[in-house]
Structures are given as C-alpha cells and as structure tokens.
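First the structure, which I've put down as structure tokens, then a few questions once you've had a look.
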Amino acid sequence: MTGFLLISTSLIAMLGVALLVLARLEPGHPHISDWGWSHVTLALGLTLGVALAPPDLNALRYQAQATAATACIIASLSLELAGAARYSGRPWRWARNAPLFGALLGVILALALLDQRYAVVVAALVLTGGAWLAASWLWRGGARSERFVAACFIASGLVHLSGPVLDPLARSILTHILGTYVHVALAMALILLSVRRAHQATLRVNSRLRQLYEQSMQGLVVVQDGHAVYANPAALQMFGLDRLEGETAIESVIAPRDRDGARERAAQLLRQRGGQIAWEGERLRADGTPVYVRGTSSYFEWDGAPALLVLMLDDTERQRATEALRRQALHDELTDLPNRHAALAQLAELTAPGSAGFALLSADLDRFQLVNESLGHETGDALLQAIAARLRAAYPADVMLARLGEDQFLLLQPDVDDDAAARLAGQRLLALMNAPFAVGHRALYVHLSVGIARYPAHGQGGAALLSAADVAMHQAKQQAGAAAVVFRPGMAAGAGGLLEIEQALAAAIEQGEFQLDYQPKYAAGSRRLAGFEALVRWQRPGRGRVSPADFIPAAERTGQIVALGTLILRQAVQQQRSWQQQGRVALPVAINVSPLQFEDVRFADWVLALVQAHGVDPRLVEVEITETAAMTHMERVLPQLERLRQAGLGVAFDDFGTGQSSLTLLRRLPITTLKLDRSMIDPLPEPSAGAVVRAACVVAEALGLTIVAEGVETEAQAAEVERLGCTHLQGWLLSRPLLPDAAGALLARAGEPAAGA
C-alpha cells in the first residue's frame with residue numbers, strides 16, 4: 001500500500017515538475033507555473049498525510065505530518081484556483097485571497113484536534129469545492145480542450161469526496177487509485193492545454209509581427225553574405241521589384257559612389273557583432289532610376305548565421321523638396337542663374353590660397369528702370385531672361401554666371417592674369433549685347449556698364465573682389481554709352497568718399513553747414529547788374545568746401561535733395577528780405593529746383609507761402625529747372641510752374657542745348673528765361689557755334705523770353721553773344737560767385753557798370 005502511494009505521489013510530482021519546466025520555456029504564461037506548483041504541493045501533501053503517515057494517530061510525529069500535509073493540500077488548492085483564474089482571464093490577487101485559505105487551514109486543523117474524521121470531511125469538501133470552482137471557470141466559454149480539463153477538475157472533486165465516504169480517514173486504496181488516474185490525466189491535460197495556449201500565443205504574436213513588417217511602410221531587408229535573403233513588400237515596392245529572385249546582390253541597388261561606405265558599415269557591424277548605424281544615400285530601382293533612402297543597419301542572426309537587418313524609408317520626396325529649397329536659396333528664380341549667395345560661396349572657394357587668377361565682371365544694365373516704366377515689368381522680366389539665355393549660350397561651363405540683383409549680372413572669366421586680358425573680356429561682354437533682343441513683338445537694344453576686378457590683384461577674398469568690381473562698374477556708368485572699366489586702387493578711395501558724403505549729408509543739412517554764394521547776371525550791352533543766381537556751397541567743419549559736383553548727385557541719390565532744396569529756397573528768400581531791409585536795389589534771384597521737389601504736389605503753394613511770409617515781391621524770385629526735370633516729370637512740373645507764374649515768380653529753363661527735345665518744350669512750358677548752357681558758349685566766336693546760338697536766340701525772341709548766356713569767360717565770347725542776341729551775360733569774365741555780404745555791396749553799386757565792361 002505504501003509503495004503504491006509513493007509511486008502515485010511521485011508520478012503526480014513528476015507531472016508538476018514537467019509543468020514547471022514548461023513554465024520556464026513560456027514565461028509569459030503564469031498559469032502554467034501555478035498548476036505545476038499545485039501538483040508538486042499536492043504530491044507532497046499526499047506523501048506526508050497518507051503514504052508516510054505513522055499508524056499511531058496520537059503520536060507527535062503524526063500530528064506534525066498531518067499539519068504539514070494539510071498546509072500543502074490547501075496550498076495546492078490555492079495554486080490550482082490561481083492557475084484557473086489566470087488562464088480564464090480572471091483577476092487574482094494573492095494579498096486578498098491568502099487570508100481566506102489561511103482561515104480554511106485553521107478551521108481544518110482545529111477540527112483535527114477535536115476529531116480527525118471531522119477534519120477529513122471538511123478538507124474533502126473544501127478540495128471538492130475548489131476543484132469544481134476551477135472547473136466552472138474553465139467550462140464557461142471554453143473550447144473542447146478547456147472543457148475536458150474542466151471535466152478532469154470535476155472528477156478530481158469526486159475523488160476528494162470519495163475519500164471520507166470509503167474510509168473515515170480517506171485511506172481507501174480505491175480513492176488513491178482513482179485519484180492517481182484522475183490527477184495524472186489532469187496533469188497531462190493541463191500540460192497539453194498550456195502547450196496549446198502557448199502555441200496559440202506564439203502564432204498570434206508571429207501573426208502580429210508578420211502584419212507589422214508586411215504592412216509596414218518602412219522597408220525591411222535581411223542581408224547575409226552580401227545578398228538580400230528577405231525583403232518585405234515595402235522594400236520590394238521601394239526598389240520596383242515583385243519578388244526577390246533567389247539571392248539578390250545588395251550592391252546592385254547601391255549607387256556606385258555609396259558602395260564603399262556601405263561595405264565599411266557592413267564590415268564594422270559584422271566585426272563588432274552588434275550595434276546600429278544610421279545612414280542615408282542614393283539607391284537604384286530595378287529600372288535604374290534613383291531613389292533617396294534613409295535607413296539603419298544593425299547586426300542580428302538569421303537562421304543561426306550572422307546577418308544584417310536593414311530598415312529603410314523612401315526619402316526621395318523630402319530630398320527633392322530640400323534640393324528645391326536649396327536651389328531656391330542659391331538660384332535666381334527669374335533667370336535660373338546662381339544668385340548672390342551662390343556667387344559668394346563659389347568665390348570663397350575660388351579665392352582660396354594658391355588659386356589661379358581670374359577676372360570678375362560686374363555688369364549692370366543702363367536705364368533698365370525706363371524699360372519697366374515704359375513697357376511694363378513683364379517686358380523687363382522677359383528681357384532679363386533673354387540676357388541670361390544669351391550669356392549661357394555664349395560662355396562655356398567653366399565661366400560662372402550669376403544674377404546679383406534687379407539688373408546686375410556677374411561673370412567670372414578664368415585664366416585672366418593682366419588688365420589687358422580683363423579689358424578684352426569686358427569688351428567681349430559688351431559686344432555680346434550689340435544684337436537686339438527679341439522680346440514679344442519688340443526688338444530691344446541693351447547697353448551694359450561693366451566693372452572688372454582681377455584676382456588676386458584687386459582683392460584676396462570674394463567679398464572684396466566683388467566690391468572692387470562694383471566700384472569699377474559705377475565708374476563705367478559715369479561714361480557715355482556702354483563701357484567696361486578695369487578697377488584701379490584709387491577708385492575704392494573715391495567710392496568711399498562718395499559713401500562718406502552720402503552718410504554726412506543729413507547731419508550737415510540739420511546743422512546748417514550749407515550756405516549760398518551769388519553769381520551776378522548782367523544786362524547785355526550796358527553790362528549793368530540785373531540779378532543773381534543762388535549757388536549752394538557746403539562748408540564742412542574741419543574739411544573746407546565740398547564741390548557741388550560731389551554732394552548734389554549724392555543728395556539726388558539719397559533723396560535728401562528735397563530737404564537741401566528747401567534749405568536753399570528759405571536762405572535765398574531770407575537773403576532777399578535782408579537786402580530789402582538794408583535798402584538795397586531790388587533785383588531778382590534765381591534758385592535751382594530739383595525734379596524731386598516737384599514730387600510734392602503742394603510744392604508751388606509752399607514756395608508762394610514762403611515768399612509771402614517774408615514780405616518779398618514774387619517778381620524778385622525766379623526758379624530754375626532743367627530739361628531733364630521738365631521732360632521726365634512733365635505731368636507734375638507743368639501745373640506747378642503755371643501756378644508760380646500766375647503768382648508773378650519767374651521761371652528759367654536751365655542748361656538749354658544739352659538735350660534733344662528743348663525746342664518742343666519751349667512752347668509748352670510757362671517760362672520767362674532761357675539759359676544757354678556753357679557748352680554752347682565755349683566754342684564762340686567760331687561761326688558754326690554762333691549759328692547755333694543765333695538760332696536759339698531767334699526762337700527765344702519769338703517767344704518773348706529773356707536769354708542768358710552762361711559761362712562767359714572772355715571778352716570775345718561776351719561781344720559775340722551780345723551780337724547774336726543774348727539779353728544777359730553770366731560768367732567769370734564779369735564776376736565770380738560772391739558771398740552774401742559781397743553780393744550786398746555789389747547791390748549798393750547796382751547803378752554802376754560791371755568791372756569787365
């Protein structure tokens with residue numbers, strides 16, 4: 001009997017150990033471990049309480065073994081229920097359930113002290129209830145296998161009930177035989193059920209993983225011995241493949257320039273047998289078209305052999321967008337030429353120490369703004385595109401072309417080592433513009449002003465070289481027509497002086513550093529004083545006088561000519577008022593007015609208000625305008641001149657003879673005086689020059705205009721202009737410009753003839 005019981009409990013224990021081994025293999029299924037320990041503790045309880053129990057029920061050894069056996073049986077029951085609960089997805093908390101099982105153990109042990117038979121009956125009922133509770137959990141909603149295990153639990157409960165029925169102390173051989181078969185069957189069923197559950201879980205995980213990498217948009221490739229042995233659908237689609245044909249050589253899809261880097265990465269990972277390397281680069285589809293890929297390569301084992309797991313994303317669209325942004329940042333959108341940023345970057349590379357010499361040509365279109373204003377910006381844009389196209393067609397690839405701004409182009413001519421070769425490059429560029437450009441239905445002629453700087457003679461860096469070329473270009477703009485000028489060191493100093501003058505103008509106007517000199521005008525024949533022309537002078541503190549040829553253009557460029565013109569007019573009117581208060585002879589003063597002052601439609605009203613505020617007779621003030629002002633601002637100039645004439649101010653037409661449309665303008669403009677430019681007076685008394693002056697005088701006489709000859713420097717010139725019909729003379733022969741006090745003194749002697757008469 002004892003031997004049979006030991007064999008039975010050993011078999012149950014061995015099956016429990018088998019469950020524990022299975023639990024080690026499948027750590028994600030805790031119910032297997034619960035059922036394993038349940039069988040082990042059951043076997044231990046049966047061994048201590050039945051198989052090896054001493055015959056003397058009152059012996060201390062029996063009581064100790066019975067207590068330990070009861071504890072093992074209760075522990076087995078709790079583990080059995082824990083496994084069933086976890087398998088069926090029910091919550092199980094040992095902290096909450098352990099006191100209940102401790103209480104059951106206490107009840108059973110207390111009954112054993114009263115009568116061992118009572119303890120056996122209660123224990124049998126507890127074990128039966130626990131087995132049937134586990135059976136109910138597995139039966140509900142369970143498959144056939146779960147219900148078979150539930151049946152085994154039910155049978156186990158019946159065996160427990162048979163114990164006290166067949167023998168008061170549950171020692172019946174039939175109970176133990178049935179118990180052995182039932183628990184062996186239960187253990188085997190639990191093993192199979194656990195294996196099935198673990199297998200299903202594995203299949204489910206594998207299915208999920210397969211769905212992840214099969215449905216993933218990220219390409220996955222396994223590379224072994226330089227060949228692709230597996231590729232998911234995303235990777236196949238990325239490379240334009242339907243499937244892998246055998247083992248595809250991985251280098252066949254890598255762009256040639258990236259192959260060395262790919263080999264080094266693979267060798268490093270295989271050598272280290274671990275790690276991960278991120279990379280990006282160009283790969284080739286099956287049809288040869290490039291695709292830009294970002295990926296990571298990592299080491300792992302495939303079928304027990306070293307391999308690389310390569311994860312990839314098709315980054316072609318982002319790369320194209322990046323390239324588009326880079327191109328937009330470095331290229332001019334209109335002409336598709338490199339822009340200023342790209343040109344400076346390339347210049348930085350080409351001016352590295354030891355680089356070969358070259359010429360940098362800065363070319364600016366002359367009067368391009370006139371094209372935009374007269375023909376529209378669309379025509380202007382089309383002209384710029386046509387120029388860029390002609391430049392690209394005329395120059396080889398090693399000549400850098402760029403568009404720096406609105407109408408400025410840059411050209412880098414390599415292998416230029418002296419000024420003669422640089423000048424020749426500039427002349428070639430000018431000649432390239434000789435043929436007209438067909439823009440729409442028009443043929444447009446273009447003239448360039450080209451500044452040329454040589455590397456390294458005129459600048460050691462790109463920025464300095466470009467600055468030198470720009471300085472030379474501005475020098476070229478000062479010449480008539482298209483011109484190409486090679487940079488000279490003195491030009492930079494001159495340009496710096498112009499910039500310094502521009503920066504100092506505003507402060508000079510605010511601080512009143514400008515004053516007026518007065519150039520006398522004399523009546524022809526009598527040579528008596530007839531008036532003055534107010535000439536502005538800049539007396540810079542600590543630097544002396546600045547030539548008007550320097551600061552007047554600077555004021556025009558910066559727009560400060562308006563403030564300067566306002567200052568001149570106010571000073572001239574104030575001086576007239578001062579002479580009037582001193583009792584001087586009242587003679588008119590002519591004041592030059594800039595075209596920009598007429599931009600203000602209230603300019604004429606302001607002048608009249610100024611004259612009135614100082615109590616000066618309007619007939620003693622004369623404004624002088626140039627032909628350029630009249631031609632380019634006619635719609636604004638004409639109404640304001642008429643307003644001034646109606647109020648009694650004189651209007652002089654200055655620099656007559658330097659333009660092309662002056663005779664037409666004479667009839668339209670409400671002028672009182674015609675001033676012949678000194679370029680018409682200088683050649684006198686040559687007959688041909690005299691004929692031109694006489695013709696102008698005839699026209700002016702017919703219109704009733706006063707005629708002033710400017711720049712009279714010799715008596716022969718004075719006599720000739722008087723003979724030809726000029727009514728007034730102005731020039732150094734008669735008087736140089738005078739300071740206000742000297743001019744006032746001259747007024748005091750106004751009745752006297754000029755000294756040169």
Side-chain angles (χ1 to χ4, degrees), residues 518-535 587-593 619-631 634 637-638 641-642 644-645 648-737 750 753-754 756-757:
Y518 293 88
Q519 175 82 54
K521 288 189 293 188
Y522 291 90
S526 67
R527 307 286 178 91
R528 293 184 182 279
L529 183 66
F532 295 97
E533 179 183 357
L535 303 174
L587 295 177
V589 174
I591 308 159
N592 290 279
V593 177
R619 291 173 297 177
L620 298 179
V621 177
E622 184 179 58
V623 296
E624 291 190 3
I625 63 168
T626 63
E627 178 184 352
T628 302
M631 288 182 59
M634 179 66 74
V637 171
L638 186 57
L641 290 182
E642 291 176 343
L644 294 174
R645 281 295 300 125
L649 272 75
V651 177
F653 193 51
D654 198 12
D655 298 337
F656 180 80
T658 60
Q660 300 176 356
S661 305
S662 300
L663 294 177
T664 303
L665 288 173
L666 292 180
R667 184 175 56 84
R668 297 185 60 190
L669 293 173
I671 60 177
T672 58
T673 302
L674 184 66
K675 301 188 72 173
L676 304 184
D677 187 72
R678 68 183 304 143
S679 62
M680 298 178 66
I681 308 304
D682 280 343
L684 295 177
E686 293 179 4
S688 59
V692 174
V693 173
R694 179 55 187 161
C697 290
V698 169
V699 173
E701 289 171 1
L703 296 174
L705 304 178
T706 299
I707 308 167
V708 180
E710 293 186 297
V712 178
E713 297 183 357
T714 67
E715 183 58 38
Q717 291 174 341
E720 185 67 10
V721 296
E722 287 176 330
R723 186 185 69 83
L724 294 173
C726 291
T727 61
H728 291 78
L729 287 70
Q730 181 179 331
W732 282 20
L733 170 67
L734 303 172
S735 176
R736 295 195 175 203

Nearest atoms (heavy-atom pairs only) where Leu676 meets Ala696:
CD2-CB, 4.1 Å
Where Glu710 and Asp677 come nearest, the two heavy atoms and their spacing
OE1-CA, 4.1 Å
Closest non-hydrogen atom pair, Leu529 against Pro520
CD1-CB, 3.7 Å
Value for CG (Leu684) from CZ (Arg723), rounded to nearest 0.5 Å, stands at 9.5 Å
Search all heavy atoms of Leu724 against all heavy atoms of Cys697 and return the closest pair with its distance.
O-CB, 3.6 Å
Are Glu701 and Arg694 within salt-bridge range, i.e. N to O under 4.0 Å?
yes
To the nearest 0.5 Å, tell me how far Ile625 CD1 sits from Ile591 CD1.
14.0 Å
Of Lys521, Gln519, Gln730, which meets side-chain hydrogen bond (donor to acceptor under 3.5 Å, both in side chains) against Glu533?
Gln730
With rounding to the nearest 0.5 Å, note down the distance linking CZ in Arg678 to CE in Met680.
14.0 Å
What are the two closest non-hydrogen atoms of Leu733 and Ala718, and how far apart are they?
CD2-CB, 3.7 Å
Salt bridge present between Arg645 and Glu642 (N-O < 4.0 angstrom)
no
So do the side chains of Tyr518 and Leu535 get within less than 4.5 Å of each other, counting heavy atoms only?
no
Just so I know, are the side chains of Thr706 and Thr672 near enough to count as touching, which here means a heavy-atom distance under 4.5 Å?
no
From Arg619 atom CZ to Leu587 atom CG, the distance as rounded to the nearest 0.5 Å:
12.5 Å
Starting at CG of Leu705, measure out to CZ of Phe656 and round the result to the nearest 0.5 Å.
10.0 Å
Between Val651 and Leu669, does a side chain to side chain contact (heavy atoms under 4.5 Å, CB included) hold up when you go through it step by step?
CA-CA 9 Å; Val651 177; Leu669 293 173; over 6 Å; no
Below 4.5 Å, heavy atoms only, C-beta onward: do Pro737 and Trp732 meet side chain to side chain?
yes
Can you tell me if Glu722 uses its side chain to pair, donor with acceptor, with the backbone of Gly525 under 3.5 Å?
yes
Over all atoms of both residues, closest heavy-atom pair of Pro683 and Ala689:
CB-CB, 3.5 Å
Do Val712 and Leu734 come close enough that some side-chain heavy atom pair is under 4.5 Å?
no
Calculate, to the nearest 0.5 Å, the distance between atoms CG and CD1 belonging to Leu729 and Ile707 respectively.
11.5 Å
